[in-house]
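So the structure is just underneath, and the comments pick up after that.
What you see is a predicted model, and the numbers here were worked out from it, not measured in a lab.
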Amino acid sequence: MTATAPRKKVASRKKVVVFDYGFGNIRSAERALAHVGADVEITRDYDTAMNADGLLVPGVGAFAACMQGLKDARGDWIVGRRLSGGRPVMGICVGMQILFGRGIEHGVETEGLDEWPGTVGPLKADVVPHMGWNTVDAPEGSRLFAGLPADARYYFVHSYAVHDWELETGNPHITAPKVTWATHGERFVAAVENGPLWATQFHPEKSGDAGAQLLSNWIETL
């Protein structure tokens, strides 16, 4: 009788939904997540989005338009329900901005999801939009940027940003969010890690090897 080699254990792939509400680089996000080992589906189906290991909310364009598109697809409800149950959600670019309390564009104020207090406003810089590669200042102990060098560069495309971090826990027993900053003309929030809710102002799916490592770090937490 010929001995057979033992079967190699295969780790289960995490199921990630890229939420399709009409805004964002969904195909680029899908490819990037698949590249780092996730089982990815693009959908706006409620049950599929609710039951996934991770939900990624992309976003490009105007704050108000993204918020309306998200509401039309019941994405605001899905994000809130997932977070209330401790289920991971990640926002990218305008998908991060709409997580804040409000956005002001061209003098028009729009309510956001208000998961974090704060205002998304015009980026004050000599050159706008902020388009291209930039470094970030990540906090010590960041899981999102684990294994990445301090001089790693990420791809940004935006004209608006959050300039002040306003959330204060005031409770020593609650882990404070980890906030990453970047500078283009002025300092702004580049990423946030807050329990099950993570977000980046830059595009990890367009950020080469550094972006792939960052997405892999997120997948490992699911």
Checklist entry - At what distance, to the nearest 0.5 angstrom, does NE2 of H203 lie from SG of C93? => result 3.5 Å
Next on the checklist: Could you go through T180 and F202, starting from their C-alpha distance and side-chain angles, then the distance that decides it, and tell me whether this counts as side chain to side chain contact (heavy atoms under 4.5 Å, CB included)?
Outcome noted: CA-CA 11 Å; T180 293; F202 56 85; 5.8 Å; no
Next on the checklist: With heavy-atom distances below 4.5 Å as the criterion, would you say the side chains of L197 and W116 are in contact?
Outcome noted: yes
Checklist entry - Can you name the side chain to side chain donor-acceptor pair (under 3.5 Å) partners of R102, sequence neighbours left out? => result E109, T119
Checklist entry - Distance from S207 atom OG to L215 atom CG, nearest 0.5 Å? => result 8.5 Å
Item to check | Connected via hydrophobic side-chain network under 4.5 Å: I78 and I98 | outcome: yes
Item to check | Residues forming a side-chain contact (heavy atoms from CB on, under 4.5 Å) with D114, sequence neighbours excluded | outcome: none
Checklist entry - How long is the span from the OG1 atom in T175 to the CG atom in N194, to the nearest 0.5 Å? => result 9.5 Å
Next on the checklist: Under 4.5 Å between side-chain heavy atoms, counting indirect links through other Ile/Leu/Val/Met/Phe/Trp/Tyr residues: same cluster for V179 and L123 or not?
Outcome noted: no
Checklist entry - What's the shortest heavy-atom distance between P129 and S159, and which atoms? => result CB-OG, 3.2 Å
Checklist entry - Which residues pass the side-chain contact (heavy atoms from CB on, under 4.5 Å) test with L222, sequence neighbours left out? => result K14, V16, D53, P88, W218, I219
Next on the checklist: Let me check something: do L167 and V89 share a hydrophobic cluster, defined by ILVMFWY side-chain heavy atoms less than 4.5 Å apart, either directly or through other members?
Outcome noted: yes
Next on the checklist: Between D20 and T43 (side chain of the first, backbone of the second, donor and acceptor by atom type, cut-off under 3.5 Å), is there such a pair?
Outcome noted: no
Item to check | Heavy-atom check, side chain of Q97 versus side chain of Q201, under 4.5 Å | outcome: yes
Checklist entry - Which residue pairs satisfy the salt bridge (charged side-chain N to carboxylate O under 4.0 Å, His left out) criterion with at least one member in residues 193-206, sequence neighbours excluded? => result none
Checklist entry - Knowing that exactly one of K124, R187, E186 qualifies, which makes a side chain to side chain donor-acceptor pair (under 3.5 Å) with H163? => result E186
Next on the checklist: Please check if the number of heavy atoms outside W133 that lie under 6.0 Å from its CH2 is greater than 12.
Outcome noted: yes
Which pairs would a plain distance check flag for residues 61-72, meaning a side-chain donor or acceptor within less than 3.5 Å of a matching protein atom at least two apart in sequence or in another chain?
unit_1: Q68; atom_1: NE2; unit_2: D72; atom_2: OD1; d: 2.9

Checklist entry - Taking all atoms of both residues into account, what is the closest heavy-atom pair of V40 and A34, and its distance? => result CG2-N, 3.6 Å
Next on the checklist: If I compare all heavy atoms of T135 with all of D151, which pair ends up nearest, and what's the gap?
Outcome noted: CG2-O, 3.8 Å
Checklist entry - Got a sec, which residues hit side-chain contact (heavy atoms from CB on, under 4.5 Å) with V162, two or more places apart in sequence or on another chain? => result F100, V120, V189
Checklist entry - CD of E140 to CZ of F145: how many Å apart, nearest 0.5 Å? => result 15.0 Å
Item to check | T48 vs Y46, side chain to side chain contact (heavy atoms under 4.5 Å, CB included): CA-CA, chis, key distance, verdict | outcome: CA-CA 6 Å; T48 305; Y46 178 87; over 6 Å; no
Checklist entry - Looking at residues at least two apart in the chain, or sitting in another chain, which of them share a ring pair (Phe, Tyr, Trp, His ring centres under 6.0 Å) with H130? => result F156, H158, H184, F188
Item to check | Linked, directly or transitively: L148 and W198 (ILVMFWY side chains, under 4.5 Å) | outcome: yes
Checklist entry - Where do D209 and Q213 land on the side-chain hydrogen bond (donor to acceptor under 3.5 Å, both in side chains) test, with the steps shown first? => result CA-CA 6 Å; D209 291 342; Q213 178 64 56; over 6 Å; no
Item to check | Any residue meeting side chain to side chain donor-acceptor pair (under 3.5 Å) with E115, in chain and number order, not counting sequence neighbours | outcome: none
Item to check | Of all pairs that satisfy salt bridge (charged side-chain N to carboxylate O under 4.0 Å, His left out), the ones with a partner from residues 35-48, not counting sequence neighbours | outcome: K15-E41
Item to check | Smallest separation among heavy atoms of P58 and Y21, with atom names | outcome: O-OH, 2.6 Å
Item to check | Separation of L83 CG from L113 CG (nearest 0.5 Å) | outcome: 9.0 Å
Next on the checklist: Measuring from atom CD1 of I92 to atom CD1 of I26, what distance do you get when rounded to the nearest 0.5 angstrom?
Outcome noted: 12.5 Å
Checklist entry - So, for A182 and V136, which heavy atoms are closest and what is the spacing to 0.1 Å? => result CB-CG1, 4.2 Å
Checklist entry - Considering only heavy atoms from C-beta outward, does the side chain of R143 approach that of N217 to under 4.5 Å? => result no
Item to check | Centroid-centroid distance, W181 to W165, less than 6.0 Å | outcome: no
Checklist entry - With sequence neighbours left out, what residues match E111 under side-chain contact (heavy atoms from CB on, under 4.5 Å)? => result none
Next on the checklist: Run the salt bridge (Lys or Arg N to Asp or Glu O under 4.0 Å) test against R81 and tell me which residues pass, sequence neighbours left out.
Outcome noted: none
Item to check | Which residues share a salt bridge (Lys or Arg N to Asp or Glu O under 4.0 Å) with E105, sequence neighbours left out | outcome: none
Next on the checklist: Just so I know, are the side chains of V57 and V79 near enough to count as touching, which here means a heavy-atom distance under 4.5 Å?
Outcome noted: yes
Checklist entry - Are L56 and V17 joined in one hydrophobic group, where the rule is that I, L, V, M, F, W and Y side chains link up if heavy atoms are under 4.5 Å apart? => result no
Checklist entry - Which atom names give the shortest non-hydrogen contact between R27 and I42, and what distance separates them? => result NH1-CD1, 3.3 Å
